[in-house]
Amino acid sequence: MRLRAIVEYLGSSWAGWQAQDGVPTIQCDIEKAILIATGIELRIAVAGRTDSGVHAHGQVIAFDVPEGTNIRRLRGSLNALTGAGISIVSLERVHDSFNPRKEAVARTYRYTIMHGRPRSPFLDDRAWTIYAPVPSEPLLELAPMVLGEHDFRAFRASDCESRSTFRTVTESRWEADGALLTYTVTANAFLKQMVRTLVGTMVDVALGRLPTQVFPLLLSGRATRQQGGRTAPARGLTLLRVEYPDSR
């Protein structure tokens, strides 16, 4: 039977999601726990691979276990066997062909910035610290421009392998709370490092490092990645949730 799990993790201690030789990854840690708990060696399916340092509140994975497996007991075993930075929040049975990546209809990310103050030991691995104050007004003006369908070719990593660079964004908003700035964005899918390059570019516009008029040009698909801003650090990014037709 196929199981779907919601997984939380702090990405600080891992070399990303995807299994790699010789380095600790979240995928390898969970697969090792499944092997110990069930005796089954397998590859888990995931909604989206996150880079080194990126966190998750609502990553979704799927894997198969023998019929009749005690799901509640298995969740307890996996939480006991995985690293301290990983938690299997929920575990449930789904239809046998469930694919967490292909069946997802929306994904939501949040990016956190601490600005205008020294670094905080409480948020050092969960936020991008910018020592200069970042004015929020330009960010609030830029965020709505991201809504809708755009060609995001200027907001992706150079090694992104996606054939299409068009994505549809349904939520894009900045919130300011004292020294914290948070950006929340929801889309049907994301290109590699798309959120981090959006954030870095908007911050560069807000700080006057880029002209405001470059942002709509980048969203039009008529500009290159080199004309955009920097890529924000991975540590400020968190995958909040993945939505499916049965969760709406």
Side-chain angles (χ1 to χ4, degrees), residues 6-20 22-30 46-61 82-87 89 107-134 136 139 142-143 146 152 155-160 171-187 190-207 209-210 225 228-242:
I6 294 177
V7 185
E8 289 182 346
Y9 51 82
L10 286 175
S12 315
S13 303
W14 313 95
W17 169 268
Q18 190 174 11
Q20 304 171 54
V23 293
T25 69
I26 301 152
Q27 179 182 1
C28 285
D29 205 62
I30 296 175
V46 65
R49 295 174 294 183
T50 52
D51 292 336
S52 176
V54 176
H55 318 293
H57 279 302
Q59 179 68 277
V60 178
I61 65 172
T82 49
I86 299 174
S87 176
V89 179
R107 298 161 173 84
T108 299
Y109 284 89
R110 178 166 294 160
Y111 197 94
T112 302
I113 293 173
M114 176 174 289
H115 69 112
R117 56 151 287 172
R119 56 174 287 272
S120 166
F122 295 102
L123 290 175
D124 198 39
D125 62 347
R126 305 182 199 183
W128 178 16
T129 299
I130 302 176
Y131 296 104
V134 180
S136 60
L139 299 176
L142 293 171
V146 183
F152 288 96
F155 296 98
R156 65 170 177 167
S158 59
D159 60 346
C160 178
E171 179 183 19
S172 173
R173 57 185 171 88
W174 281 97
E175 295 175 279
D177 183 10
L180 288 180
L181 291 166
T182 55
Y183 178 61
T184 305
V185 58
T186 301
F190 289 88
L191 299 168
K192 186 175 182 180
Q193 296 185 1
M194 176 175 151
V195 180
R196 291 167 57 195
T197 53
L198 277 169
V199 169
T201 300
M202 284 189 274
V203 166
D204 281 348
V205 171
L207 291 174
R209 296 174 52 158
L210 287 173
R225 175 70 190 92
R230 67 189 123 172
T231 301
R235 62 182 176 273
L237 185 60
T238 300
L239 173 60
L240 285 186
R241 61 182 176 272
V242 183

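Positions are given from 1 along the sequence.
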If only atom types and distance count, is the side chain of [X] paired as donor or acceptor with the main-chain N or O of [Y] below 3.5 Å?
X	Y	result
Arg196	Ala232	yes
His57	Arg241	no
His55	Gly11	yes
Asp125	Ser12	no
Gln20	Ala15	yes
Gln18	Gln27	no

(request) Take Lys192 and Asp51 through the test side chain to side chain contact (heavy atoms under 4.5 Å, CB included) and record every step on the way to the result. (result) CA-CA 9 Å; Lys192 186 175 182 180; Asp51 292 336; 4.2 Å; yes
(request) Would you please test Tyr111 and Leu198 for side chain to side chain contact (heavy atoms under 4.5 Å, CB included) and show each step? (result) CA-CA 10 Å; Tyr111 197 94; Leu198 277 169; over 6 Å; no
To the nearest 0.5 Å, what is the distance between [atom1] on [X] and [atom2] on [Y]?
X	Y	atom1	atom2	value
Thr129	Arg235	OG1	CZ	6.5 Å
Glu175	Leu181	CD	CG	10.5 Å
Trp17	Ile61	CH2	CD1	5.0 Å
Phe155	Met202	CZ	CE	7.5 Å
Arg117	Tyr131	CZ	OH	10.0 Å
Ser136	Asp177	OG	CG	11.0 Å

(request) Have a look at Arg230 and tell me which of Thr197, Thr201, Val203 forms a side chain to side chain contact (heavy atoms under 4.5 Å, CB included) with it. (result) Val203
(message) Could you check whether Tyr9 and Thr82, counting side-chain N and O atoms only, form a donor-acceptor pair closer than 3.5 Å?
(response) no
(request) For Arg225 and Thr231, test the side chains for any donor-to-acceptor distance below 3.5 angstrom and give the result as yes or no. (result) yes
(request) Please test Trp14 against Thr50 for side chain to side chain contact (heavy atoms under 4.5 Å, CB included), starting from the C-alpha separation and ending with a verdict. (result) CA-CA 10 Å; Trp14 313 95; Thr50 52; over 6 Å; no
(request) Using side chain to side chain donor-acceptor pair (under 3.5 Å) as the criterion, list what pairs up with Gln193, not counting sequence neighbours. (result) none
(request) With sequence neighbours left out, write down each residue that passes side chain to side chain donor-acceptor pair (under 3.5 Å) with Thr184, or none if nothing qualifies. (result) Arg110
Shortest non-hydrogen contact from [X] to [Y]?
X	Y	value
Ala234	Ser52	CB-O, 3.2 Å
Val146	Ser172	CB-OG, 3.5 Å
Asp204	Gly229	OD2-CA, 3.3 Å
Tyr183	Ala143	CE1-CB, 4.3 Å
Leu139	Ala206	CD2-CB, 3.9 Å

(request) Determine whether Phe190 and Arg156 make a side-chain contact, defined as any pair of heavy atoms from C-beta on separated by less than 4.5 Å. (result) no
(request) Answer whether the closest heavy-atom distance between the side chains of Ile130 and Met114 falls below 4.5 Å. (result) no
(request) Evaluate the side chain to side chain contact (heavy atoms under 4.5 Å, CB included) criterion for residues Val54 and Leu239: first the C-alpha distance (whole Å), next the side-chain angles of each, then the deciding distance (0.1 Å), finally the verdict. (result) CA-CA 8 Å; Val54 176; Leu239 173 60; 5.6 Å; no
